[in-house]
Amino acid sequence: MSQTIYNVLVREKEVFKPITDGHVMMYVCGPTVYDNSHLGHAKTYVSFDVVVRWLRYSGYKVRYVQNITDVGHLLDDGEDRILKGARREKVEPMEIVERYMRSYFEDMDAIGVARPDISPRASAHIPEQIEMIQELIAKGHAYEVDGTVYYSVESFKEYGKLSGRRVEEMEAGKRIAVRDEKHHPMDFVLWIKAPSNHVLQWPSPWGRGYPGWHIECSAMSNKYLGATFDIHGGGVDNIFPHNECEIAQSEGAHDQIFANNWMLTGTLLVDGVKMSKSLGNFVTIKDALKQYRPEALRLFILSGLYRSPADYSAAVLDAATKGAERINTAARRARNALKTAKPGDASNNERLITLLDQYQMRFTSAMNDDFNAPLALSALFDMSKDLNTAIDEGTASQSVLERATSIYTELGGQVLGVIQPESRTAAGSGSAERESALIQMLIDMRLEARKAKDFTRADSIRNQLSKIGVILEDGPNGAVYRISSL
RNA sequence: GGCGACGUGGCCAAGUGGUAAGGCGAGGGUCUGCAAAACCCUUAUUCAUGGGUUCGAUUCCCAUCGUCGCCUCCA
């Protein structure tokens, strides 16, 4: 079975063929670290996290590069985002960078996003950027005017191929006055001459200055992935101008295809409009985690296609919370049942194993088809239904439960990250073992009370445990417990 | 105005040229001392609207209406 990917460059699904068999070289545009990350970032990075995890699960060796933008990203008024943050918090610009870069990784760790293999910072790659700008000048793609270097969009005939725009159709300068030193209104900046009081500046062949926003991605992807690599990802909202400019820079400098596949994620909306810093309608990941568990956030993100937009609302997050509970409950039941499972009846085993095979295949073909996570999830939900029935009926044998548990762990946990690992709920350390033993003691006490028909006492134990987050569930083989969501 | 994407049940959301996955919610039931969890049944003759192609379209084409993103910083 082969992997397909929707390639924005051609606007259709293509069979994925990496440049080097078995290896995937992948670059995703990372955040500008000047403030806390919000759920819009979560949507994009969870989506690519699952792409990487699935490719690795499929046997590919993936090199995943995601930049950290810590310089050069200008606001409308020409001020650097980092500098603005520094002024706001009255600290050094690089303190802002450190603070929010750590915050970003904290958030990504918290929602189970695996770290990129390389997280290159723009400020640490100034020489590479200067070198690339020099190449562009040498090839006639860029020109300098008084210490500032511009890319000449007319020199690159394919400018606009990703976003479907034509230079001549665009009305540049409609909103922002065009600087008349540009040869063409659409020309964009590669290197910016720094005013003497500008805090972030470096020496260059054109005097002191700092790099434009787009050039970092071209320079750093080239350094770590090569002139041509397999997958370039990001949010669609950056398709123009950012991604388009990256292509112009890289292909202009190297005369070869930049990225073979472009994967762009759909925008996260709130009440129908984009969640963004500037609109102020954002929910930070830290705030979201106060209300929802990581598995619920991931399930919300993965219940739609990565390239579709999604609308954030409490109703949708609540639904995702319930869904995450359902699937985690089923996985936990399977694990618990496995502890006391018997070999079981052969013909029934065969039937159930065949079913599990089919669910695994459904999951696999869904993910192979452009990473269709919502469809893949449906296989896990359907599997849970069959498995729950088998467990209720007592027909789930040891081999069936082993197989089911490994599917939950690998596909639900390792690939999608919506099923939490056992260690979070079970004993793993000395104190956890002690806690577990104590809870078991209370469960035994309650069982005795129930046997004696002392339901007041039995319910009291259950209620008190519930208050400290331990939920009891009675079953035919006695009670099991779980730690509640919040 | 230009470019791109999209309009599927109460909400979210897959999907296919031959009559609609899944999640949440709602109603009924089974189980249970009561809960919880779980399971069963019910909940879109219908996929924005109007045309066209076709034996047949929600799925292909055209038009209309509507929504969103980008064109200016944003994942």
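Residue numbers begin at 1 in each chain, while the letters A, B, ... track the order of the sequences. The structure presented is a predicted model; accordingly, all values stated were derived computationally and were not measured. Side-chain atoms are counted along with the backbone in the values below, which use heavy atoms only and exclude waters and symmetry mates.
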Next on the checklist: If I take atom CD1 in residue A:Ile301 and atom P in nucleotide B:A13, what distance separates them, rounded to the nearest angstrom?
Outcome noted: 14 Å

Next on the checklist: Has A:Asn36 got a side-chain atom pairing as donor or acceptor with A:Thr284's backbone, closer than 3.5 angstrom?
Outcome noted: no

Item to check | Atom-pair distance (OH on A:Tyr306; P on B:A5), nearest Å | outcome: 13 Å

Checklist entry - Considering only the C1' atoms, how many Å lie between B:C61 and B:U54, rounded to the nearest integer? => result 12 Å

Checklist entry - Rounded to the Å, how far apart are A:Arg11 CZ and B:C6 C1'? => result 13 Å

Checklist entry - Above 12 or not: heavy atoms from other molecules or residues under 6.0 Å from CG of A:Asp271? => result no

Item to check | Side chain of A:Pro31 (C-beta onward), nearest among B:C39, B:A36, B:A75 | outcome: B:A75

Next on the checklist: Please classify the nucleic acid contact of A:Gly40 as base, sugar-phosphate, or nothing, using heavy-atom distances under 4.0 Å.
Outcome noted: base

Checklist entry - What nucleic acid atoms does A:Ser276 come within less than 4.0 Å of, heavy atoms only: base, sugar-phosphate, or nothing? => result base

Item to check | P gap between B:C40 and B:A48, integer Å | outcome: 30 Å

Checklist entry - Which is true for A:Val273 with a 4.0 Å heavy-atom rule: it touches a base, it touches only sugar-phosphate, or it touches nothing? => result sugar-phosphate

Checklist entry - Going through the distances and angles, do A:Lys286 and A:Glu106 end up as a salt bridge (Lys or Arg N to Asp or Glu O under 4.0 Å)? => result CA-CA 9 Å; A:Lys286 292 184 203 309; A:Glu106 237 171 59; 3.0 Å; yes

Next on the checklist: Say we look at B:G7 and B:A13: how far apart would their C1' atoms be, to the nearest angstrom?
Outcome noted: 13 Å

Item to check | Check: A:His41 main-chain N/O paired with A:Thr44 side-chain donor or acceptor under 3.5 Å | outcome: no

Checklist entry - Between A:Arg457 and A:Glu448, is a salt bridge (Lys or Arg N to Asp or Glu O under 4.0 Å) present by the stated rule, with each step listed? => result CA-CA 10 Å; A:Arg457 184 169 160 70; A:Glu448 282 176 26; over 6 Å; no

Next on the checklist: So if I apply the salt bridge (Lys or Arg N to Asp or Glu O under 4.0 Å) rule between A:Asp49 and each of A:Arg298, A:Lys43, A:Arg115, which one comes out positive?
Outcome noted: A:Arg298

Checklist entry - Which of the following nucleotides, B:A75, B:C71, B:A14, is nearest to the side chain of A:Thr44? => result B:A75

Checklist entry - Closest nucleotide of RNA chain B for A:Asp392 versus for A:His242: which of these residues is on the 5' side? => result A:Asp392

Item to check | Pairwise C1' distance for B:U46 and B:U16, with rounding to whole Å | outcome: 15 Å

Next on the checklist: Within the 4.0 Å heavy-atom criterion, would you say A:Asn238 contacts the bases, only the backbone, or no part of the nucleic acid?
Outcome noted: sugar-phosphate

Checklist entry - Quick one: A:Met186 CE to B:C3 P, roughly how many Å, whole number? => result 15 Å

Checklist entry - Can the ring centroids of A:His183 and A:Tyr150 be said to lie less than 6.0 angstrom from one another? => result no

Checklist entry - Reckon A:Ser308 touches a base, only the sugar-phosphate, or nothing at all at heavy-atom distances under 4.0 Å? => result sugar-phosphate

Checklist entry - Over how many whole Å does the gap from A:Asn463 atom CG to B:A36 atom P extend? => result 12 Å

Checklist entry - Which residues pass the side-chain contact (heavy atoms from CB on, under 4.5 Å) test with A:Asp382, sequence neighbours left out? => result A:Tyr359, A:Arg362

Item to check | Most 5' of A:His214 and A:Ile327 on RNA chain B, judged by nearest nucleotide | outcome: A:Ile327

Checklist entry - Expressed in whole Å, how much space separates the P atoms belonging to B:G25 and B:G69? => result 30 Å

Next on the checklist: So A:Tyr45, base contact, sugar-phosphate only, or nothing? Heavy-atom distance under 4.0 Å.
Outcome noted: sugar-phosphate

Item to check | Mutual orientation of the aromatic rings belonging to A:Trp262 and A:His232 [parallel < 30°, tilted 30-60°, perpendicular > 60°] | outcome: parallel

Next on the checklist: For the P atoms, the ones on B:U32 and on B:C47, what distance do you get once it is rounded to whole angstrom?
Outcome noted: 45 Å

Next on the checklist: According to side-chain contact (heavy atoms from CB on, under 4.5 Å), who are the partners of A:Ile118, at least two apart in sequence or on a separate chain?
Outcome noted: A:Arg63, A:Val65, A:Pro120, A:Tyr224

Checklist entry - If only atom types and distance count, is the side chain of A:Glu246 paired as donor or acceptor with the main-chain N or O of A:Ile215 below 3.5 Å? => result no

Checklist entry - So, for A:Tyr100 and A:Tyr34, is the gap between ring centers shorter than 6.0 Å? => result no

Checklist entry - The side chain of A:Leu305 lies closest to which of these nucleotides: B:A75, B:G15, B:G2? => result B:G15

Next on the checklist: For A:Ser313, give me all partners under side-chain contact (heavy atoms from CB on, under 4.5 Å), at least two apart in sequence or on another chain.
Outcome noted: A:Ala315, A:Val316

Next on the checklist: Does A:Ile239 reach a base, just sugar-phosphate, or nothing at all? Heavy atoms under 4.0 Å.
Outcome noted: nothing

Checklist entry - What string of B, S and - do you get for nucleotides 59-66 of chain B, 5' to 3', if B is base contact, S is sugar-phosphate-only contact and - is no contact with any protein heavy atom under 4.0 Å? => result --------

Checklist entry - What base-paired stems does RNA chain B take part in, with at least 3 consecutive Watson-Crick or G-U wobble pairs and both distances under 3.5 Å? => result B:1-7 with B:65-71, B:10-12 with B:22-24, B:25-30 with B:38-43, B:48-52 with B:60-64

Next on the checklist: If the cut-off is 4.0 Å, is A:Asn372 near the phosphate of B:G15, judged by side-chain N/O to OP1 or OP2?
Outcome noted: yes

Next on the checklist: Rounded to whole Å, please give me the gap between CG in A:Asp311 and P in B:A13.
Outcome noted: 8 Å

Checklist entry - How does protein contact run along nucleotides 20-35 of chain B, one letter per nucleotide 5' to 3', with B for base contact, S for sugar-phosphate only, - for none, heavy atoms under 4.0 Å? => result -BSSSS-------BBB

Checklist entry - Could you state the CD1-C1' distance from A:Ile443 to B:A36, rounded to the nearest angstrom? => result 13 Å

Checklist entry - Is the A:Phe282-A:Tyr312 ring centre distance short of 6.0 angstrom? => result no

Item to check | Rounded distance (Å) that lies between atom C1' of B:C12 and atom CG of A:Asp271 | outcome: 15 Å

Next on the checklist: If I pick the C1' atom on B:U42 and the same atom on B:G10, what distance separates them, to the nearest angstrom?
Outcome noted: 15 Å

Checklist entry - Using atom P of each nucleotide, how far apart are B:A36 and B:G29 to the nearest Å? => result 15 Å

Checklist entry - Which part of the nucleic acid does A:Gly233 contact within heavy-atom distance under 4.0 Å: base, sugar-phosphate only, or nothing? => result nothing

